[in-house]
Amino acid sequence: MDKATIDGFGDALYAALRKRRTIAPLTEQAPDITLEDAYQISLRMLEHRLADGERIVGKKIGVTSKAVMTMLDVHQPDFGYLTDTMMYATGAEVPASRELIAPRAEGEIAFVLKRDLEGPGVTNADVIRATDFVMPCFEIVDSRITDWKIRIQDTVADNASCGVVVMGDRAVAPADVDLSTCGIVVSLNGEIISTGAGAAALGSPVNCVTWLANTLGRIGIPLKAGEVILSGSLVPLQPVKPGDNMSLVIGGIGGCAVRFV
Amino acid sequence: MTLDEATVEALAARLLAAERERKPITKITDEHPHLDYDDAYAIQNRIRAHKLAAGETIAGLKAGLTSKAKMKQMNVAEPVFGFMTDRGAWPDGGAIERDRYIAPRIEAEIALVTKRDLAGPGCHLAEVLAAIDFVLPAVEVLDSRYENFRFDMVSVVADNTSAAGFVTGGRPRRLREVDLPTLGLVVEKNGQVVEVGAGAAVLGHPAESIVMLANNLARRGEHIPAGSFIMTGGITAAVAVDRGDAITVRFQDLGNLSLRFA
């Protein structure tokens with residue numbers, strides 16, 4: 001894919017984000033699109049957001065569950081960028097009707113780093129050592145592609161379908177919790193809709209962060225001290241609409257709540 | 001109650017024979033479409049009486065169909081209950097004789113052991129929590145005596161809720177050391193994660209199973225004796241297993257259990 005095409009798709013996705021108007025899947029518009037093209041498109045989209053004054057605060061890892069990997073026919077996760085305007089605090093009202101298109105909620109563990117991590121060669125021990133604390137969070141994914149008709153290239157180009165993030169208010173040192181077996185309970189409008197455990201994301205959320213550090217390291221991008229890294233959903237995605245409220249609690253870590261308006 | 005004593009005895013004998021000979025039968029409601037829960041628990045009680053007469057002892061009690069989604073799907077308000085005998089006890093880390101069963105499946109559960117009698121009606125959660133001695137991880141082996149696990153609620157109660165065996169061990173904990181609703185677990189089959197879940201999958205709180213069990217037993221003139229080992233219900237979907245399969249379940253705060261089918 002040439003630079004002009006990449007820029008064109010990046011511009012279109014950025015416009016879709018701002019105007020809340022979806023576009024046809026890139027994999028239909030340009031069937032030969034590669035994963036590399038898709039990441040270049042996501043960077044173009046990001047450049048627009050940075051030009052608007054947004055600041056990168058972290059990264060998200062997606063496609064970490066076996067179910068989603070099977071659905072997208074891939075064998076590895078993907079990633080996107082988090083900016084300051086995406087971040088909400090627990091209890092927040094997320095303006096879904098004004099800012100989102102077709103939001104879906106995921107429950108996750110966020111890693112907050114105290115040291116840079118630069119792959120390749122990063123191990124789980126390096127990730128634990130570089131992690132200041134972990135926190136519970138909701139990631140509200142959204143798609144700028146019509147009806148979520150995504151293949152892996154579509155979601156990668158669209159900043160890994162990231163929407164907004166709602167962070168909990170408790171932080172736990174990574175050495176103080178078993179991140180693989182810790183349970184998660186997610187409720188929608190007061191009813192438990194799903195449970196899961198850390199292992200739902202690549203066997204352990206730590207594995208996800210290690211994967212990201214090594215993947216980005218190969219193209220010279222470090223994970224930086226202070227960044228928030230969302231490690232991947234531990235439960236199935238839940239479509240949400242204005243009026244819904246959700247809460248989650250993760251065993252040994254803490255909880256998080258959000259209302260959609 | 002729609003059945004007479006002789007029919008209860010005959011159906012219990014048929015289910016016992018199916019278990020003994022590992023020859024599944026068609027579900028009993030095909031023949032007795034009006035069978036109710038009283039009939040079903042009466043059949044289960046006859047099966048229990050026969051097992052005790054044959055020298056087996058009661059090892060514990062169990063709840064089944066404890067997920068709210070499954071209950072909604074089956075349109076029922078409470079789980080189903082059964083019992084386990086010592087014959088179904090398998091050691092942690094040991095081999096399970098696959099050929100003792102028809103089509104075994106496993107479920108990961110939280111088990112609770114009581115230190116006081118619990119009796120309904122009117123039993124409630126705080127009363128149950130006050131009566132808990134300690135918490136154990138457990139894996140239940142399920143095996144329906146009906147063909148292809150095809151059954152309805154009433155038939156499954158008569159079949160002792162598909163109870164077949166169990167493994168426990170791990171790291172017992174006091175109730176105050178663990179948070180049962182958020183307690184997570186990971187089921188691995190042959191080294192691959194196949195199921196994950198947390199305690200709240202069971203009625204929002206695993207001890208809620210015991211509340212319902214105590215109240216259910218009260219209607220049948222029974223209670224939960226002190227010292228009972230109670231498996232509170234599957235947290236994950238049942239996983240089919242066969243000869244050669246190895247299962248490991250990792251529990252948050254409760255250690256691991258492993259078993260293999262030989």
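Residue numbers start from 1 in every chain, and the chains themselves are labelled A, B, ... in the order their sequence lines are given, proteins ahead of strands. For the numbers below, each heavy atom of this structure counts, side chains included, while hydrogens, waters and symmetry mates do not.
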Point to revise | Interface moiety of A:I192 toward chain B, non-hydrogen atoms closer than 4.5 Å | key: side chain
With 3.5 Å as the limit, can you list every donor-acceptor pair between chain A and chain B, backbone and side chains included?
from	atom 1	to	atom 2	distance (Å)
A:K66	NZ	B:V193	O	2.9
A:S180	OG	B:R250	NH1	2.8
A:S180	OG	B:R250	NH2	3.3
A:G183	N	B:T182	O	3.3
A:G183	N	B:Q252	OE1	3.1
A:E191	OE2	B:K72	NZ	3.1
A:T195	OG1	B:A198	N	3.0
A:G251	O	B:Q252	NE2	2.9

Check your understanding: Does the side chain of A:W211 come within less than 4.5 Å of A:I61's, by heavy atoms?
Key -> yes
Exercise for review: Start with the C-alpha gap between A:R151 and A:D154, add the side-chain angles, then the distance that decides, and say whether salt bridge (Lys or Arg N to Asp or Glu O under 4.0 Å) holds.
Suggested key: CA-CA 5 Å; A:R151 297 181 62 191; A:D154 296 300; 5.9 Å; no
Exercise for review: List for me each residue that meets ring-ring contact (aromatic ring centres under 6.0 Å, His included) alongside A:F79, sequence neighbours excluded, and say none if there are none.
Suggested key: A:Y39
Check your understanding: ring-ring contact (aromatic ring centres under 6.0 Å, His included) with B:F83: which residues, sequence neighbours excluded?
Key -> none
Check your understanding: Does atom NZ of A:K241 have more than 12 heavy-atom neighbours, drawn from other residues, nucleotides or ligands, at distances under 6.0 Å?
Key -> no
Review point. In chain order, what residues pass the side-chain contact (heavy atoms from CB on, under 4.5 Å) check against A:I128, with sequence neighbours excluded?
Key: A:P174, A:V206
